[in-house]
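Notes for the one structure printed next.
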Amino acid sequence: MSTPASNPILIQPVPAPAQGESGFLASAFTPRALGIALGMVACLALAGEAWAQLTVGGERPGILATLWKWTPLILLGPPREFGGFALNILVSFLAMAIGTVSGLALGLGLISKFAPVRSVSWAITQFFRNSPWLVLLFFVMLLTPFQMRIGGVTIPFPAWFKATIGLALPIMANIAEIVRGAVNSIPTGQWESAESLAFSRLQTLWRIILPQCVKRMIPPWMNWYAILTMATPLISIVGVNDAMTLTQDALASEQRTELLMPMYGMLLLFFFVYCYPIARWTIRLERKYAVRN
Amino acid sequence: MTTAWTPDQPIVSIKDVHKSFGPIEVLKGVSLDVRKGEVICIIGPSGSGKSTLLRCINALVPINQGSIKVEGQEVHDPALDKLELRKKVGMVFQSYNLFPHKTALENVMMAPVHVLKRPKEEVEAQARRLIKKVRLEGKEDAYPGELSGGQQQRVAIARSLAMNPDIMLFDEVTAALDPETVKEVLVTIRELAEEGMTCVLVTHEMGFAREIGDHIYFTDRGIIVEHGPPATFFTSASDPRTRAFLSQIL
Ligand SMILES: Nc1ncnc2c1ncn2[C@@H]1O[C@H](COP(=O)(O)OP(=O)(O)OP(=O)(O)O)[C@@H](O)[C@H]1O
Ligand SMILES: [Mg+2]
């Protein structure tokens, strides 16, 4: 993965630090611009570093060129292997899907008419909501076998999948709380009228209560998705080739301390660029549904 | 389950019903009979247990003592299929309680389709007829949030009727409406009564109770103080509590 010393990226226009910064700060006081500014500041810092590198000059490739060199690896993982930031996203999707489905079931357990179900659901919810995610990750890694035999078929459990389960557990517990809160926020009159129309409890939940909950649940659900995504670098600790692991690998192979900040800065930027729009969208939906209710 | 009920017996028979919420006894021995096709009006001050009594009839609320029979069947028999009972007893609430995520037509269709499992086309035809009957033609596709209180309440009545109930319970269905729209809803109920629907109404509309009621019950603090046909009830109530209440409200 070595690149020639020529650095095409440096020729591309990068805003000159002084000019870009002052022009930007003038309009940086709206919240949205502030968000963009954050990203820009990171870029500017990188550009500054690169500038310094260039002027110091020398035999080693500039910082931006080095970042560019590692970008494919950190985004997509090693060639012919799945990993990097794409793996973080995949893990976030899967953990969210598993956490949502199981969280819905657990949330319905929380509002069960049957007291033992309620208690057990409550205990599970509280346990997973109040445990550090990293400790949960280790637990799942150590508790689940690396493969399982069902009938004659051996199903492997790769590390990244176990890590996904580990992250899905706290999501499950938090989604369960969201479900419980949303169901409880529906006026009792809805239950009463459904009951008097001879709907069973399950039918009432499924056809009348939960559909009304969906809107209320979407913003907090998206919020948890963003939190989950930002937590995915945790899986690097249990030996998964995610963006964090690969960034560290790249740094290890470069052995240049001046790369530390730019490399981690770039990683932060990837997450920011992915999560920031979700956060904005969440706020928009929250506002929209608040007006409707 | 075998029931020996025949239409000449009371369709609803309430005997000495007691109901407490925690330490508070809300119903203290209420007895009342409703015959098929009759319109019963229950009046009385706030908190006297009128809503609770209605809710006991379709087993939304369990009772502590006494007996309630609907078409000869004991409502508070633990073995009773509550869903079967509720298919026979429709209920309309003060706060309409329409399903806000469904249109007027869907509100009316939901229970027959999902509870009674009747074919959708047939139910839709009936639902459209019912919406027409409550004078809401053209509002089939409106959501509850787009309808006025009176319109919503008429959709709620149509929704109950779609189950083809034998008895309708109305709990102060006009109390949340402004005087203009009260009339629309009362017209609908009057038509139902004229068609022979058995109705139990809790109402503060004395004029209406007098006009359509076959029998008036006055409740106060969990007991039935006095009852009688409207002609005698409104003119020659004997109990001082009834007279005080009537003089306040009329
Ligand atoms: N689910 C409940 N839990 C506890 N107390 C209740 C409950 N439902 C009703 N009550 C109490 O029972 C009493 C009678 O209530 P109910 O609603 O039957 O009165 P009401 O005659 O319908 O009054 P209103 O005219 O105001 O509707 C009230 O004191 C009320 O606070
Ligand atoms: Mg009431």
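Chain identifiers are assigned alphabetically (A, B, ...) following the order of the sequence lines, protein sequences preceding nucleic acid strands; residue numbering begins at 1 within each chain. Below, all heavy atoms of this structure are taken into account, side chains as well, without hydrogens, waters or symmetry copies.
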Q.
Checking Lys15(B) against Ser13(B) for the side chain to side chain donor-acceptor pair (under 3.5 Å) test, could you report, in this order, the C-alpha distance in whole Å, the side-chain angles of both residues, the deciding distance, and whether it holds?
A. CA-CA 7 Å; Lys15(B) 291 216 162 49; Ser13(B) 175; 3.0 Å; yes

Q) Parallel, tilted or perpendicular: which describes the rings of Phe99(B) and Phe199(A), with under 30° parallel and over 60° perpendicular? A)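 Because their plane-to-plane angle is over 60°, the rings of Phe99(B) and Phe199(A) count as perpendicular.
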
Looking at [X] and [Y], would you say the former's side chain and the latter's main chain have a donor-acceptor pair under 3.5 Å?
{"X": "Glu177(A)", "Y": "Ala173(A)", "result": "no"}
{"X": "His76(B)", "Y": "Gly66(B)", "result": "no"}
{"X": "Arg129(A)", "Y": "Asn174(A)", "result": "no"}
{"X": "Lys162(A)", "Y": "Thr144(A)", "result": "yes"}
{"X": "His101(B)", "Y": "Cys213(A)", "result": "no"}

Q. Heavy-atom distance under 4.5 Å to chain B: side chain of Gln203(A), backbone, both or neither?
A.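 Side chain of Gln203(A) only, per the 4.5 Å heavy-atom cut-off to chain B.
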
Top residue by heavy-atom pair count (under 4.5 Å) with chain A, among [options]?
{"options": "Ala59(B), Gly90(B), Gly145(B), Ala111(B)", "result": "Ala111(B)"}
{"options": "Ala156(B), Ala162(B), Pro112(B), Pro100(B)", "result": "Pro100(B)"}
{"options": "Met110(B), Lys82(B), Lys87(B)", "result": "Met110(B)"}
{"options": "Leu60(B), Asn58(B), Asn97(B)", "result": "Asn97(B)"}

Side chain, backbone, both or neither: which part of [X] has a heavy atom under 4.5 Å from chain A?
{"X": "Val92(B)", "result": "neither"}
{"X": "Arg55(B)", "result": "side chain"}
{"X": "Leu169(B)", "result": "neither"}
{"X": "Phe93(B)", "result": "side chain"}
{"X": "Met91(B)", "result": "both"}

(Q) Is the shortest side-chain heavy-atom distance between Leu87(A) and Val240(A) below 4.5 Å? (A)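 Contact flag for Leu87(A)/Val240(A) side chains = yes.
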
Q. Hey, which of Pro187(A), Ser200(A), Pro211(A), Ser196(A) has the most heavy atom pairs under 4.5 Å with chain B?
A.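 Answer, by heavy-atom pair count under 4.5 Å with chain B: Ser196(A).
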
